[in-house]
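Since the structure comes first, as structure tokens, the remarks are kept for the end.
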Protein chains: 2
Amino acid sequence: MSGLADIARAAGVSISTVSRVLNRRAGVNEETRQRVLAVLAEQPYTPRGLGALQRTGVIGLLVPELSNPVFPAFAEALETRAARLGYSSLLCNTRSAAIRREGPAESRPPAARTRTPVPTSLGEEEYVRMLLARGVEGMVFVSPEITNVEVPLGEAPKPSYYAKLLADGVQMVFVNGATPSLDVPDVTVDEQLAGYLATQHLLELGHRRIGFVSGPSRSLPSRLKRAGWAAALEEAGLPAEAEFVAHAPFAAEGGGAAVARLLDTVRPTAVICSSDHMAMGVLRQAHQRGLSVPGDLSVVGFDDIPLAAYCSPALTTLAQPIEEMAAAAVDELVHRLDPDGRHRTNGNYTRVFRPKLVVRESTAPPRSIS
Amino acid sequence: MSGLADIARAAGVSISTVSRVLNRRAGVNEETRQRVLAVLAEQPYTPRGLGALQRTGVIGLLVPELSNPVFPAFAEALETRAARLGYSSLLCNTRSAAIRREGPAESRPPAARTRTPVPTSLGEEEYVRMLLARGVEGMVFVSPEITNVEVPLGEAPKPSYYAKLLADGVQMVFVNGATPSLDVPDVTVDEQLAGYLATQHLLELGHRRIGFVSGPSRSLPSRLKRAGWAAALEEAGLPAEAEFVAHAPFAAEGGGAAVARLLDTVRPTAVICSSDHMAMGVLRQAHQRGLSVPGDLSVVGFDDIPLAAYCSPALTTLAQPIEEMAAAAVDELVHRLDPDGRHRTNGNYTRVFRPKLVVRESTAPPRSIS
DNA sequence: CCCTTCGCAGCAAATTTTTGCAATCAAGAC
DNA sequence: GTCTTGATTGCAAAAATTTGCTGCGAAGGG
């Protein structure tokens with residue numbers, strides 16, 4: 001929305017100078033150029049011609065990583081839905097921005113040194129700005145950063161970043177964003193129910209020593225699952241003890257390491273995991289220890305990634321209705337993008353989907369009973 | 001490079017009309033608008049300010065799909081490398097564009113009908129144009145469409161599309177592009193060697209009836225693997241019979257279906273697969289039939305996706321050096337993007353990586369021998 | 001057949017962006 | 001201390017883009 005004049009005013013320089021920076025012409029002091037670029041990052045320059053051409057039919061999809069197969073699965077489902085509605089998708093892996101931030105300077109190409117240095121990265125936020133500058137109309141955040149609760153809870157600077165985006169009129173939708181405080185539509189699974197159902201399933205099979213292979217403690221979804229796990233346990237008259245919870249990074253190795261700790265200490269007969277991806281690490285670890293699954297250890301995953309049915313034993317898991325959630329998220333976004341704007345409901349819209357227990361081969365009654 | 005005036009001249013209309021089309025203002029005949037849009041597709045409008053702002057630090061990554069985990073793995077490796085060199089990545093799933101093309105019109109938002117319709121999709125090409133319009137500096141194609149040999153081989157219109165891009169000065173690099181005819185740097189694994197090594201491994205274990213669970217016959221990599229398979233077989237004095245090859249779509253289900261056909265007819269004691277993803281389907285199918293792997297059937301995959309080590313039995317596979325290939329591809333692209341252009345070697349640059357046999361648990365001597 | 005009406009293209013005025021040029025300023029030479 | 005040199009900036013003229021308005025020509029009614 002800002003023309004050359006706006007940028008110039010904000011940067012305290014003349015219009016000419018902004019023009020020169022934009023066109024990378026010589027004769028602009030490096031310091032001045034930086035000031036202009038800083039303003040440009042805040043309010044990207046939009047030539048009138050392009051500004052009006054904004055109906056680009058492109059939306060941005062932000063996922064935290066790609067190694068966990070849920071994210072490619074979500075990405076593909078979102079893309080497919082968007083494509084059906086006539087939108088192209090641009091996918092961003094926000095984790096990679098963090099790498100850039102810490103990347104060694106000497107490995108950069110000469111260009112990065114002699115020319116305008118690439119602005120220092122800020123992770124997800126940086127990607128959002130980049131996408132905005134590339135003319136996306138709106139974006140879907142899958143498991144956004146906000147999902148990580150700030151343990152110190154002193155300042156809470158994170159929400160303000162999304163709030164600012166919101167104030168700038170950027171249309172966005174969260175998937176598994178778990179953020180009651182923000183006025184953003186959120187499409188989510190009931191994580192707590194998922195934890196509850198998984199635990200209940202194991203209790204019904206006769207397990208009494210049920211561990212939780214959890215993601216990092218700062219992850220809100222993991223906390224919610226834990227609450228569901230605890231609720232089911234207590235409902236069955238069993239204590240939900242902290243020693244039965246092992247935290248580890250979200251990845252197959254993390255799952256393996258976490259379950260190893262549990263097996264070395266409290267010896268659970270069954271575990272629930274924060275994700276199928278971690279569950280695969282658990283399966284592997286059990287295999288390496290010569291433990292049979294489900295004979296010696298029952299395992300419940302979460303997500304129902306496409307490959308869950310293809311491991312051996314096939315993974316019992318709590319399915320997120322990925323297709324439906326993706327459809328709901330994209331529909332809501334497109335709805336808000338609708339220029340004929342009859343429906344522009346700005347309310348805090350949240351859709352909670354029920355996870356569904358999919359029983360496969362990785363769960364069975366504990367050996368002592370069977 | 002073309003301003004409003006150039007577009008106007010090419011379309012045979014006045015500058016005002018072009019401006020109106022770009023700004024989606026009323027008062028332009030649909031026919032005229034189409035003519036202008038057609039010209040615009042050929043030579044995109046570049047406002048002077050933005051055209052020069054080209055050094056965006058953004059590259060495009062095009063993958064055909066995300067369900068096969070190799071592609072997310074490649075994408076992540078490419079992104080990571082690009083990030084280290086100071087570039088952001090935009091990931092596109094070219095398969096989804098095909099969906100848009102056939103998408104039902106009534107499901108589109110009202111905007112798509114009343115306003116300029118989203119230009120009809122052309123798959124990969126459309127994405128490339130879109131990325132170009134979004135200011136990417138170059139792109140990496142992973143397993144590009146060109147990889148599919150046109151069986152009729154009458155017209156060959158596909159190469160011309162890449163050639164055109166090349167002529168437009170678009171910088172690009174192929175990963176597993178397998179295209180000797182084009183003057184594009186290509187980073188690739190030796191597919192034929194992969195097929196050869198896999199087959200040789202099985203021959204050494206004592207197998208004599210070795211099937212090939214292959215991707216579609218139009219896929220060039222699958223053809224090359226088959227050539228390697230045939231070479232190894234013939235070297236061992238065995239015939240490479242066509243009945244031992246089963247074609248199916250690239251996916252876990254495809255792998256399952258293909259191996260089912262082989263098991264119902266020629267009863268191989270071992271199979272090699274076009275991808276780990278297909279191999280997982282093979283594992284599943286064997287499991288469902290009560291066949292033990294590797295006892296009754298040995299399985300060799302391709303790619304060495306991260307999850308290959310996590311299935312049970314862990315998959316024996318031929319590893320693509322994904323990290324190294326990604327690094328080579330990105331380095332080559334960035335190299336060509338270098339504005340100080342000392343190194344602008346425009347030669348046809350191809351790097352072939354050797355696949356590496358990773359023996360895990362899914363292969364063993366055939367039962368009759370062991 | 002003529003007149004009215006309306007959509008649409010182009011003209012020209014208004015606005016925005018680019019660029020030649022001269023003014024300003026800092027640093028170093030004399 | 002003053003002059004020269006070169007970098008940097010803003011002014012204003014030139015170029016490009018947007019938009020109000022006029023007029024052309026086709027369609028439909030009288």
Side-chain angles (χ1 to χ4, degrees), chain A residues 1-56 111 113-117 132-135 137 169 339-340, chain B residues 1-56 110-111 113-117 119 132-135 339-340:
Chain A
M1 286 298 188
S2 25
L4 271 196
D6 305 282
I7 312 276
R9 203 172 320 111
V13 296
S14 74
I15 292 181
S16 331
T17 304
V18 178
S19 171
R20 272 187 275 256
V21 170
L22 246 26
N23 291 310
R24 296 175 197 268
R25 303 187 76 82
V28 178
N29 190 340
E30 187 54 33
E31 203 176 305
T32 311
R33 179 211 291 280
Q34 287 307 327
R35 200 163 67 241
V36 174
L37 284 175
V39 174
L40 238 30
E42 285 296 303
Q43 40 179 114
Y45 166 56
T46 332
R48 296 189 115 264
L50 272 189
L53 190 116
Q54 212 60 296
R55 191 130 313 278
T56 53
R113 285 197 302 275
T114 56
R115 304 221 162 191
T116 313
L132 249 24
R134 302 257 142 334
E137 296 180 48
D340 307 337
Chain B
M1 288 298 186
S2 25
L4 270 195
D6 305 283
I7 312 275
R9 202 173 322 110
V13 295
S14 75
I15 293 181
S16 330
T17 304
V18 178
S19 172
R20 271 186 274 258
V21 170
L22 281 174
N23 291 313
R24 298 173 199 268
R25 303 188 76 81
V28 180
N29 190 342
E30 187 53 36
E31 203 175 304
T32 311
R33 177 209 294 278
Q34 285 308 326
R35 199 163 68 240
V36 174
L37 284 175
V39 174
L40 238 29
E42 286 296 304
Q43 39 180 115
Y45 166 57
T46 331
R48 295 183 122 265
L50 271 191
L53 189 115
Q54 216 61 297
R55 189 133 312 278
T56 53
R113 285 197 302 276
T114 55
R115 305 214 163 197
T116 313
L132 250 24
R134 301 260 146 324
D340 306 337

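These numbers were taken from a predicted model, which means no experiment stands behind them. First the proteins, then the strands, lettered A, B, ... as listed; each starts at 1. All values below were derived from every heavy atom in this structure, side-chain atoms included, with hydrogens, water molecules and symmetry-related copies excluded.
Closest to the side chain of Asn29(A), from the set dT19(D), dG10(C), dT9(D), is dT9(D).
A straight line from CD1 of Ile15(A) to C1' of dA14(D) spans 15 Å, rounded to a whole angstrom. The interatomic distance linking Asp6(A) (CG) with dT15(C) (C1') rounds to 13 Å, in whole Å. What separates CD1 of Ile7(A) from P of dT17(C) is a distance of 9 Å, to the nearest Å. Rounded to an integer number of Å, the gap from Gln34(B) CD to dC8(C) C1' is 16 Å. Remark: P of dT17(D) and CG of Leu4(B) are 4 Å apart, rounded to the nearest angstrom.
Taking side-chain N and O atoms only, Thr17(B) has a distance below 4.0 Å to OP1 or OP2 of dG10(C). Between Thr32(A) and the phosphate of dT9(D), there is a side-chain N or O to OP1/OP2 separation shorter than 4.0 Å.
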Just by protein heavy atoms under 4.0 Å, how would nucleotides 20-27 of chain D read 5' to 3' in B, S and -?
-> B-------
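Heavy atoms of Val28(B) sit under 4.0 angstrom from primed sugar atoms or phosphate atoms, though from no base atom. Using a 4.0 Å heavy-atom distance criterion, Val18(B) is classed as making no nucleic acid contact.
Summarising the geometry of Val18(A) relative to Ala8(A), their closest heavy-atom pair is CG2-CA, 3.6 Å, with the distance given to 0.1 Å.
In this structure, Leu4(B) CG and Ser16(B) OG are separated by 9.0 Å, a value rounded to the nearest 0.5 Å.
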Go through the steps to decide whether Asp6(B) and Arg9(B) satisfy the test side-chain contact (heavy atoms from CB on, under 4.5 Å), and finish with yes or no.
-> CA-CA 5 Å; Asp6(B) 305 283; Arg9(B) 202 173 322 110; 3.9 Å; yes
Measure all distances between protein nitrogen or oxygen atoms and nitrogen or oxygen atoms of nucleotides 23-27 of chain C, and list the pairs falling under 3.5 Å.
none

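Residues meeting the side-chain contact (heavy atoms from CB on, under 4.5 Å) test with Thr32(B), sequence neighbours left out: Val13(B), Thr17(B), Val28(B), Asn29(B), Arg35(B).
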